[in-house]
Amino acid sequence: MFCQSRHCFKSYYEMIKSLLLSDPCIALQQVARRTIYSSARRQVDNKVPLKQKAFQEDNGMPVHLKGGSVDALLYRTTMALTILGAGYVVYELVKAAYPQKKD
């Protein structure tokens, strides 16, 4: 549908020019459609097999820490927030259990 020769580019731009003169909204729709459908797809390396191999090897490490230092940081942050939250809940329960006297 979209060729790479100089003639096709010329006719493509002539088509855009004629559409812009007649109806700019239709021209915009057609240019956008042409750009989306004719653009080349970017090739992405498949990293899934490498990740599977790293996560499936038996090295004594728990699976939630096999992702590296980022996973360890997230795990420690989650544990710290959990402990702080549990401590705050206990504090609030103790405070509610012994109400202050009104003067």
Rounding to 0.5 Å, atoms CZ (Phe55) and CD (Gln52) come to a distance of 10.5 Å
Contacts table for residues 67-80: side-chain donor-acceptor under 3.5 angstrom, sequence neighbours left out:
from: Asp71; atom 1: OD2; to: Gly67; atom 2: N; distance (Å): 2.9
from: Thr77; atom 1: OG1; to: Leu73; atom 2: O; distance (Å): 2.8
from: Thr78; atom 1: OG1; to: Leu74; atom 2: O; distance (Å): 2.7

Nearest heavy-atom approach of Lys66 to Glu57 is NZ-O, 2.6 Å
Between the NZ atom in Lys51 and the NZ atom in Lys53, the distance rounded to the nearest 0.5 Å is 14.0 Å
Residue set satisfying side chain to side chain contact (heavy atoms under 4.5 Å, CB included) with Pro49, at least two apart, ordered chain then number -> Asn46
Contacts of Val90 meeting side chain to side chain contact (heavy atoms under 4.5 Å, CB included) (sequence neighbours excluded), chain-then-number -> Val94
Item to complete: Step through the shown structure and confirm whether more than 12 heavy atoms of other residues, nucleotides or ligands are within 6.0 Å of CG on Asp58.
Response: no
